Chemist: 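Handing you this structure, nothing more for now.
When a ligand or atom number is given, it counts from 1 through the structure's own listing order. None of these values were measured; they are calculated from a predicted model.
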Amino acid sequence: MRYSEKGLIFNVNKMIQPRKQFAQHWLKSDKALNAIVQAANCQETDQVLEIGPGTGILTRRLLPLVKSLLAVEIDRDLCKLLVERMREKENFLLLQGDFLTLDLPSQLTGFANFQRQNKVVANIPYNITGPIIEKLLGTISHPNPKPFDSIVLLVQKEVAERLYAKPGSRTFGALSVRVQYLADCELICTVPAAAFVPPPKVDSAVVRLIPKKIEIPANDPKRLENLVKLGFASKRKMLRNNLQSVIERDSLTQLLEQLEINSQVRAEDLGVAQWVSLVNIIGNQLETSN
Ligand code: SAH
């Protein structure tokens, strides 16, 4: 490091000033930290990925429990701080960079023990929650070919509610379908804004996502992706109205009846399996009528 010991103290203080730009809110609640660690159910064979370690408060708790931990942190100053604080930790590897644009496997060649992360545990930056989840799980048409065993995340409460929402509920949306197609989602606990410094404007929640084998795969995953997006485009409208640019209302009514689904349903009333069945028969119908 460039600076003298005195300078270092000055710099360390400056470094841990949270930056808005990177959505930095330091978690300070023991209760929340314990809940995250417990939900991750760490084993000594686990290789963990943490996104946004910040000052390392969660990292420090995870390290003694696991084989290795790879953390990706975008903030260079925090990386310097972490290097100082974690000097002695042999099972810790820190990558400075933007998680969303990093190509992990190519960065990790040469680091034994850090070759294949099987779990994710993180208090992530809330401004990029959607893209982070998409990078971890993949999408309906391109699921992550090497799914994680489990993903434990601290996220904004409103987002958490959409992740584990049940069909028919107010919070069940396109995100719920996209994520629940790929993973089982459960709420671990809610975390009040006061658990952070500085407190964010919203409450938070810990969720656990367990990527699953896709039970009934869509015949045409891209079509499922598109129709889910279209189906939820106008939430108050009935599904047959939202989809009318793709399939005539009367035809859709018939298909819904075939599946024993009320023809007046809205997008949020259909669970993932129903979405898949519906899009599969819409696909058949469109292909035969072409
Ligand atoms: N886990 C820490 C910090 C959470 S705040 C704690 O619980 O206290 C979110 C963290 O994500 C910050 O450290 C921020 O710098 C980092 N971050 C923000 N955007 C990022 C990105 N694109 N890639 C990697 N890290 C990012």
Chemist: Is L154 touching ligand 1 with its side chain, its backbone, both, or neither, if touching means heavy atoms under 4.0 Å apart?
Modeler: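 It is neither part, as no heavy atom is under 4.0 Å.
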
Chemist: Going hydrophobic residue to hydrophobic residue with side-chain gaps under 4.5 angstrom, can you get from Y126 over to F22?
Modeler: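 Different clusters: Y126 never reaches F22 through Ile, Leu, Val, Met, Phe, Trp or Tyr contacts under 4.5 Å.
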
Chemist: Verify the cluster assignment for I214 and I133: are they in a single hydrophobic cluster under the rule of side-chain heavy atoms below 4.5 Å apart?
Modeler: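 Result: yes, single cluster for both.
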
Chemist: Less than 3.5 Å between some nitrogen or oxygen of N123 and one of ligand 1, yes or no?
Modeler: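 Checking ligand 1 against N123, an N or O pair does fall under 3.5 Å apart.
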
Chemist: Would you call V48 and L63 a side-chain contact if the rule is heavy atoms closer than 4.5 Å?
Modeler: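 No, every pair of side-chain atoms sits at 4.5 Å or beyond.
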
Chemist: Hey, are the side chains of P217 and V276 touching, using non-hydrogen atoms and a 4.5 Å cut-off?
Modeler: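 Of all side-chain heavy-atom pairs linking V276 with P217, none is under 4.5 Å.
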
Chemist: Numbering the atoms of ligand 1 from 1, which are under 4.0 Å from a heavy atom of Q24?
Modeler: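 Under 4.0 Å from Q24, ligand 1 has these atoms: 5 (S), 12 (C), 14 (C), 15 (O).
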
Chemist: What is the closest protein heavy atom to atom 11 (O) of ligand 1, and at what distance does it sit?
Modeler: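 Ranked first by proximity to atom 11 (O) of ligand 1 is G52 CA, 3.2 Å.
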
Chemist: Taking 4.0 angstrom as the limit and counting only heavy atoms of V72, give me the atoms of ligand 1 inside it, by number and element.
Modeler: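 Listed by number with element: 24 (C), 25 (N).
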
Chemist: Does any non-hydrogen side-chain atom of F92 lie less than 4.5 Å from one of L70?
Modeler: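 They are not in contact (no side-chain heavy atoms under 4.5 Å apart), so the answer is no.
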
Chemist: Using a heavy-atom cut-off of under 4.0 Å, does the side chain or the backbone of N127 touch ligand 1, or both, or neither?
Modeler: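 It is neither part, as no heavy atom is under 4.0 Å.
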
Chemist: Considering distance alone, does some N or O of L27 sit under 3.5 Å from an N or O of ligand 1?
Modeler: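 The answer is yes, given that L27 and ligand 1 share an N or O pair closer than 3.5 Å.
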
Chemist: Should you measure from each heavy atom of F99, which atoms of ligand 1 turn up under 4.0 Å away?
Modeler: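 In order of numbering, the contacting atoms are 21 (C), 22 (N), 23 (N), 24 (C).
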
Chemist: For atom 22 (N) of ligand 1, grab the closest protein heavy atom and report residue, atom and distance to one decimal in Å.
Modeler: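 Among all protein heavy atoms, the one nearest atom 22 (N) of ligand 1 is D98 OD1, 2.8 Å.
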
Chemist: Mind checking the CD-CD1 spacing from E50 to I124? Nearest 0.5 Å is all I need.
Modeler: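 Answer for the CD-CD1 pair, E50 versus I124, is 11.5 Å.
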
Chemist: Are any of the side-chain heavy atoms of Q47 and S68 separated by less than 4.5 Å?
Modeler: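 Q47 reaches S68 side chain to side chain.
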
Chemist: Looking at atom 26 (C) of ligand 1, what's its closest protein heavy atom, distance included?
Modeler: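 Scanning the protein heavy atoms, the shortest distance from atom 26 (C) of ligand 1 goes to I74 CG2, 3.5 Å.
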
Chemist: What protein heavy atom is closest to atom 19 (N) of ligand 1, reported as residue, atom name and distance in Å?
Modeler: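 For this ligand atom, the closest protein heavy atom is P125 CG, 3.5 Å.
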
Chemist: For ligand 1, is L58 a contact, meaning one of its heavy atoms is under 4.0 Å away?
Modeler: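 No, L58 has no heavy atoms under 4.0 Å from ligand 1.
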
Chemist: Between ligand 1 and I57, can you find any atom pair, the residue atom being a heavy atom, that is separated by under 4.0 Å?
Modeler: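 So I57 counts as touching ligand 1.
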
Chemist: Tell me if the CZ atom of R76 is crowded by more than 12 foreign heavy atoms within 6.0 Å.
Modeler: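 No - once you tally the heavy atoms of other residues, nucleotides and ligands closer than 6.0 Å, there are 12 at most.
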
Chemist: Which ligand 1 atoms are under 4.0 Å away from a heavy-atom of G97?
Modeler: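 Close to G97: 23 (N), 24 (C).
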
Chemist: Going by the order shown, which atoms of ligand 1 are within less than 4.0 Å of some heavy atom of E73?
Modeler: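 Counting atoms of ligand 1 from 1, those under 4.0 Å from E73 are 12 (C), 13 (O), 14 (C), 15 (O), 16 (C), 25 (N).
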
Chemist: Check each heavy atom of H25 against ligand 1 and say whether those closer than 4.0 Å belong to the side chain, the backbone, both or neither.
Modeler: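 The part of H25 near ligand 1 is the backbone, not the side chain.
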
Chemist: If you count the non-hydrogen atoms of other residues, nucleotides and ligands that lie under 6.0 Å from NZ in K229, is the total more than 12?
Modeler: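 Atom NZ in K229 is not crowded, with 12 or fewer foreign heavy atoms closer than 6.0 Å.
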
Chemist: Counting heavy atoms only, which part of A122 comes closer than 4.0 Å to ligand 1: side chain, backbone, both or neither?
Modeler: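 Within the 4.0 Å criterion, A122 makes no contact with ligand 1.
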
Chemist: Regarding K135 and the six-membered ring of F99, is the cationic atom NZ or CZ under 6.0 Å from the ring centre and inside 45° of its axis?
Modeler: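 Checked: cation-pi criterion met.
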
Chemist: Show me which atoms of ligand 1 lie under 4.0 Å from any heavy atom of A23.
Modeler: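 Atoms satisfying the 4.0 Å criterion: 5 (S), 9 (C).
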
Chemist: For the pair R240 and D250, evaluate salt bridge (Lys or Arg N to Asp or Glu O under 4.0 Å) and give the outcome as yes or no after the intermediate values.
Modeler: CA-CA 8 Å; R240 59 185 186 197; D250 290 348; over 6 Å; no

Chemist: Below 4.0 Å from any atom of ligand 1, is there a heavy atom belonging to L78?
Modeler: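 Yes, L78 has heavy atoms under 4.0 Å from ligand 1.
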
Chemist: Using a 4.5 Å cut-off on heavy atoms from C-beta on, say whether the side chain of L27 contacts that of L58.
Modeler: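 Side chain of L58 against side chain of L27, heavy atoms only: no contact under 4.5 Å found.
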
